[in-house]
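Numbered from 1 within each chain, the chains take letters A, B, ... in sequence-line order.
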Protein chains: 2
Amino acid sequence: MSPRGTVQNAAMRNQTLANISSAALRMFSEFGYHGTTMKLIAESAGQSYGLVYHYFPSKEAVFRHLVDFALESTIAGMHAVLSAPGTAWEKLERYSAMLVGSALTGDSSRYFLIMTQALTQAKGIEGLQRHIKARAAVFYELLVPLVIQAQKTGEAAQGDPEALVAAYLSLVQGLALLVYQGNGLERKITAEIMSSVLRAPRH
Amino acid sequence: MSPRGTVQNAAMRNQTLANISSAALRMFSEFGYHGTTMKLIAESAGQSYGLVYHYFPSKEAVFRHLVDFALESTIAGMHAVLSAPGTAWEKLERYSAMLVGSALTGDSSRYFLIMTQALTQAKGIEGLQRHIKARAAVFYELLVPLVIQAQKTGEAAQGDPEALVAAYLSLVQGLALLVYQGNGLERKITAEIMSSVLRAPRH
DNA sequence: GTCTATACACTGATAGAC
DNA sequence: GTCTATCAGTGTATAGAC
């Protein structure tokens, strides 16, 4: 009733929501969409079964929420790195460094993983595939112009810029899988290796 | 009873088995392990539900069979390309060409996909993760020495050879995902781009 | 070898008590 | 806001007829 009460309620609600989301991210990234049950999410979050349905109308909604967050935060991260001053090639190298430094370690790699899950198992989820494709197009819209510019200065490799970006993003997705396997090999990956897909052979 | 009868039976059995396996590969690669039902496999193969269980004791066995085939045929393909005469770098380039030319197109890419499915959803399948890790170690055993040799001739990039191979294999896995999405972008990928992860910057 | 029918367990989602 | 109980639907696996 009192203002303080509603504020506390909102805080508690946000915390519970974050708790459930975090648990769902772990489960989806480990068992896939169909392999994850609402019971599993609830138990993993330390919450009751019914409470999950209080925050999300369906399992699909939970998954969509995570996929959207993954897409938007990836786009935001790209924007942040690419909007800082520097040449096109410097920006691309800086993004590789950011991926190796943070995005491909810990929880962030799980977001790349559920993107993979979404792409390879979402045939039954109405419109999700299309939604991802539309938002992922932004990746290309941001990176392709940079590659074209870096090709003019001779820093990026010649060839179809879209193909280069496609290979670069494929490498990122593949590395997220490597991180997930946890052999320790992922710690040896350097920003230089990541950029090598785009880099021109020097003469 | 007669010799001819048993031979015909064996032939029919092999064909039905191949039919079910092929249908299962399609379903698993599109819906993932948990998203694929035995009913779906049966219908997709044009066979009855019970018949699938006549050929495989369980859904897990079907999946294992496909994963094993994927692993062994990938290893066999590597051996074939790498045992042909040539320098270490030539062999690596030849393998990239083979991947772009055949392995990453059509049905072959589905085998790379179920490897991804297996790695990211097989937490519930006892021992599968370990089995894959053990067999996938062969990839490294075959490729790392080649990279080390190509580093000596200055053709491969300097740096940890294991990290280079890990990035190379990650790129392959990522590209299989690209093929699956079917944007048409995968057709622009060249062997040169694939090899760029391993290639040394020329001086 | 091939098919249909079914037992049994589990999952997603809802209802209603506190 | 949080929990337990419950229902309808689906999935794996088996049994048994042909």
Side-chain angles (χ1 to χ4, degrees), chain A residues 1-21 23-24 27-28 30-66 117 121-126 128, chain B residues 1-21 23-24 27-28 30-66 117 121-126 128:
Chain A
M1 308 283 182
S2 72
R4 196 174 58 195
T6 57
V7 168
Q8 284 178 338
N9 275 348
M12 184 180 295
R13 190 183 165 80
N14 284 338
Q15 194 183 340
T16 308
L17 189 68
N19 184 19
I20 292 173
S21 297
M27 295 302 104
F28 279 128
E30 293 189 5
F31 299 96
Y33 178 74
H34 299 285
T36 300
T37 68
M38 291 297 255
K39 189 187 171 201
L40 206 64
I41 293 174
E43 284 173 358
S44 163
Q47 304 288 356
S48 76
Y49 185 81
L51 193 63
V52 180
Y53 275 97
H54 180 74
Y55 283 88
F56 293 96
S58 65
K59 178 169 113 170
E60 189 182 320
V62 183
F63 192 66
R64 284 192 121 96
H65 178 253
L66 293 174
Q117 311 273 18
Q121 310 168 44
K123 280 253 158 118
I125 309 178
E126 191 57 41
L128 186 58
Chain B
M1 309 281 181
S2 73
R4 194 173 60 191
T6 58
V7 168
Q8 284 179 339
N9 274 349
M12 184 181 295
R13 190 181 164 82
N14 283 339
Q15 194 183 340
T16 308
L17 189 69
N19 184 20
I20 293 174
S21 296
M27 296 302 105
F28 278 128
E30 290 189 7
F31 297 97
Y33 178 73
H34 299 286
T36 300
T37 67
M38 291 296 257
K39 189 185 171 202
L40 206 64
I41 292 174
E43 283 172 358
S44 164
Q47 304 288 357
S48 75
Y49 185 80
L51 193 63
V52 180
Y53 275 96
H54 180 74
Y55 284 89
F56 292 97
S58 67
K59 179 170 114 169
E60 189 182 320
V62 184
F63 193 65
R64 284 191 120 95
H65 177 254
L66 293 174
Q117 310 274 18
Q121 309 168 45
K123 280 255 160 117
I125 311 179
E126 192 56 40
L128 185 58

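- Going from atom NE2 of A:H34 over to atom OG1 of B:T36 covers 8.0 Å, rounded to the nearest 0.5 Å.
- Residue pairs that meet the side-chain hydrogen bond (donor to acceptor under 3.5 Å, both in side chains) test with at least one member in residues 53-66 of chain A, sequence neighbours left out, are A:E60-A:R64.
- In this structure, the helix from C:dG1-D:dC18 to C:dC18-D:dG1 shows an angle of 0° between the axis at its start and the axis at its end, each fitted on 5 base pairs and rounded to 10°.
- In the 5' to 3' direction, nucleotides of DNA chain D lying under 4.0 Å from heavy atoms of chain A begin and end at D:dG1 to D:dT4.
- In this pair, A:F28 and A:Y33 present their aromatic rings parallel. The plane angle is below 30°, not in the 30 to 60° band.
- When all heavy atoms of B:L51 and B:T16 are compared, the closest pair comes out as CD2-CG2, 4.0 Å.
- Across all strands, B:Y55 comes closer than 4.0 Å only to sugar-phosphate atoms, never to a base (heavy-atom distances).
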Per-nucleotide protein contact string for nucleotides 6-12 of chain C, where B marks a base within reach and S marks sugar-phosphate only (heavy atoms under 4.0 Å, - for neither): -----SB

Would you give me the side-chain donor-acceptor pairs under 3.5 Å for residues 38-47 of chain A, sequence neighbours excluded?
from	atom 1	to	atom 2	distance (Å)
A:S44	OG	A:R26	NH2	2.9

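- Nearer to the 5' terminus of DNA chain D, by closest-nucleotide assignment, is the contact made by A:H54 (compared with the other of A:G50 and A:H54).
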